[in-house]
2 protein chains.
Amino acid sequence: MARPPLRISASDQKRIEQAISEVEENGGMIRRSFESYYDDDFDVSWEVDAAVDAFSIFSSKWTIEILATLYIAGDRRFNEMRALLRGISSRTLSDKLTTCVQNGLVDRVVEDGPPIRVIYRLTGHGREAGRLLSPLVAYMKLHQGHVVGPK
Amino acid sequence: MARPPLRISASDQKRIEQAISEVEENGGMIRRSFESYYDDDFDVSWEVDAAVDAFSIFSSKWTIEILATLYIAGDRRFNEMRALLRGISSRTLSDKLTTCVQNGLVDRVVEDGPPIRVIYRLTGHGREAGRLLSPLVAYMKLHQGHVVGPK
DNA sequence: AGCAGGTGCATTTTATACACTAAATGCCGC
DNA sequence: GCGGCATTTAGTGTATAAAATGCACCTGCT
């Protein structure tokens, strides 16, 4: 059940930390680009609003995980995803994949057989989101202890 | 209720897209650093597991939004956050802030008054997560239409 | 009275467990 | 070379549990 502790070679860790520190500057740059809006409080609230809106697709269980899975593991079939995302119910996976498809993050590709197989694949938009997510995954993997309390 | 459409100057947009494209390469770099694990299927499943684990703190409603809010808007008090995150109930905000504090993403700073005020502030860890999140916010803001269906 | 920072609790929304389906394929004996 | 049975694939249906919401309420301060 428990995963063995993360072991990353010193050189890999260095590369990951280098990548993260570069993102750090990019993040700062993006934040600075927002600062033109910082003149009064209304603009801050507008920015937060826009961010909440941008994240609305991610702020439910499994959406981020599905994206990360397809980004890490490449195209996968329904039951493969279910096995990778241990613990997800087929009901929930089905629902979440549908909303990912509806929101243009994932394509549902039917490969005509026989046997007919259905492959889930990131769209360009989804792959971009996965890419932008990956430094955060790397950082959390390196620096997060385990999660406390109810989430 | 509805936010006015996003208006970003051409130069700001260019800077944001530049930043995103740099992250894109960093993301690729991080992904390549994972590829040492790609030898067999077990390792892919191990990676996905680790990513799911890393995201577990974010895969509930409002956690990401709280982080993004504190990152964008800086230190804020309880009722200020509630106003910024329109729609969150005080019950939920209270619970989520508690788990963010427990997980070392946010500090609860009591400023002794009178009047006593409580300020929520990103920890180093939380600020880093916010930074790494910000390119994704920027990308989603630029490229996402609005969200379809139940989330 | 009014604000600040929350709790308590009933209701609604989301996610889970788990049984089940339908079409296709594989293998076994005969 | 065919019937029967199990298995795989991609999901649905439905009851229950967990998470989020609405709204009333509380204490301490001015």
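Below, chain A is the first sequence line, B the second, and so on; all start at residue 1.
Phosphate contact (OP1/OP2 of dA19(D), side-chain N/O of W62(B), threshold under 4.0 Å): absent. Side-chain N/O atoms of K96(A) include one lying less than 4.0 angstrom from OP1 or OP2 on dA15(C). For the pair T92(A) and dT16(C), the criterion of a side-chain N or O lying under 4.0 Å from OP1 or OP2 is met. An OP1 or OP2 oxygen of dA18(D) is reached within less than 4.0 angstrom by no side-chain nitrogen or oxygen of K61(A).
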All N/O pairs under 3.5 Å across the protein-nucleotides 20-23 of chain C interface:
none

Under 3.5 Å, which protein N or O atoms sit close to an N or O of nucleotides 3-8 of chain C? Give each pair with its distance.
from: dG5(C); atom 1: OP1; to: V118(B); atom 2: N; distance (Å): 3.2
from: dG5(C); atom 1: OP1; to: V118(B); atom 2: O; distance (Å): 3.4
from: dG5(C); atom 1: OP2; to: N79(B); atom 2: N; distance (Å): 3.3
from: dG6(C); atom 1: OP1; to: R108(B); atom 2: NH2; distance (Å): 2.7
from: dG6(C); atom 1: OP2; to: Y120(B); atom 2: OH; distance (Å): 2.6
from: dT7(C); atom 1: OP2; to: S94(B); atom 2: OG; distance (Å): 2.9
from: dT7(C); atom 1: O4; to: S90(B); atom 2: OG; distance (Å): 3.2
from: dG8(C); atom 1: N7; to: R91(B); atom 2: NH1; distance (Å): 2.9

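Evaluation of the side-chain hydrogen bond (donor to acceptor under 3.5 Å, both in side chains) rule for T98(A) yields no partner, not counting sequence neighbours. Annotation: side chain to side chain contact (heavy atoms under 4.5 Å, CB included) contacts of N79(A) (sequence neighbours excluded): R82(A). For R77(A), the salt bridge (Lys or Arg N to Asp or Glu O under 4.0 Å) test picks out E80(A), with sequence neighbours left out.
The distance from atom CD of E111(A) to atom P of dT9(D) is 13 Å, rounded to the nearest whole Å. Protein atom CZ of R76(A) is 13 Å distant from nucleotide atom P of dA10(D), rounded to whole Å. In this structure, L85(A) places its CG atom 15 Å from P of dA10(D), rounding to the nearest Å. If you take CD of E65(B) and C1' of dA20(D), they are 13 Å apart, rounded to a whole angstrom.
There is no side-chain donor-acceptor pair under 3.5 Å between T92(A) and K61(A). Between T63(A) and S60(A), the side chains place a donor N or O and an acceptor N or O closer than 3.5 Å (distance only, hydrogens not considered).
The minimum heavy-atom distance between C100(A) and I66(A), with the atom names listed, is SG-CG2, 4.4 Å. G104(B) approaches H125(B) most closely through the heavy-atom pair O-CB, 3.6 Å.
Annotation: the span from F55(A) atom CZ to F58(B) atom CZ amounts to 9.0 Å, rounded to 0.5 Å.
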Report, one line per pair, each donor and acceptor closer than 3.5 Å where one atom sits in a side chain of residues 106-113 of chain B; sequence neighbours left out.
from: R108(B); atom 1: NE; to: Y120(B); atom 2: OH; distance (Å): 3.4

